[in-house]
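Values below: all heavy atoms of this structure, side chains included; hydrogens, waters and symmetry mates excluded. This chain uses plain numbering: 1 for the first residue, then up along the sequence. Everything quoted here is computed from the prediction, not taken from an experiment.
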Amino acid sequence: MTTMTEPAVSPSTQGWFQRTESWLDHKGKGAWIALMVLGFIFFWPVGLALLAYMIWSKRMFSKSCRRSSAWPRHGMRAMTPTGNSAFDSYKADTLARLEQEQHDFETFLERLREAKDKSEFDQFMDERTRANRDSADRDNGDDDNAA
């Protein structure tokens, strides 16, 4: 059993419409929207036709125009080796140092919070003790004046 496949169309044999469509797809959804807005500004039927085409071809609501492959996740790329062993070693050492500094800073902030909490609690207890002492002195003073 043989199957017939159509040959891939090279960019040179594509028409101007397919080349323009490919170029706009490569640029992303923003390019399509900008072209549509310009179409409305210069000649409104062109803008309307582009809007209809974008909705009909599902370019308006799909991810087909999104350049997700052009913008890889930078966080994940940081962990991949570059092939340069000296740079990879430097990068690993720097990342380890930064992680250690982050841990040390978080520990420092925790100690700082604990010290602040302790000083606020001590201040509260001192004020409470002072208020109880003043209240007791007033009560004792009232008892002495009554007798």
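- Listed by first then second residue, pairs satisfying side chain to side chain donor-acceptor pair (under 3.5 Å) with a partner in residues 126-136 read Gln123-Glu127, not counting sequence neighbours.
- Heavy atoms only, all atoms of each residue included: Gly83 and Asp88 are closest at N-OD2, 3.5 Å.
- Within the structure, every pair that satisfies the side chain to side chain donor-acceptor pair (under 3.5 Å) test and touches residues 101-113, not counting sequence neighbours, is listed here: Arg97-Glu101, Gln100-Asp104, Gln102-Glu106, His103-Thr107.
- Atom CD1 of Ile33 and atom CG of Leu38 lie 12.0 Å apart (nearest 0.5 Å).
- Listed for the Ser89 side chain is no donor-acceptor partner under 3.5 Å among the backbone atoms of Ala86.
- Other residues sharing a hydrophobic cluster with Phe105 under the 4.5 Å side-chain heavy-atom criterion for ILVMFWY residues are Phe108, Leu109, Leu112.
- The heavy-atom pair separating Thr80 from Lys91 by the smallest distance is O-NZ, 3.0 Å.
- Nearest heavy-atom pair across Phe87 and Thr82 is CD2-OG1, 3.7 Å.
- Tyr90 is not connected to Leu95 by any chain of hydrophobic side-chain contacts under 4.5 Å among Ile, Leu, Val, Met, Phe, Trp and Tyr, and they are in different clusters.
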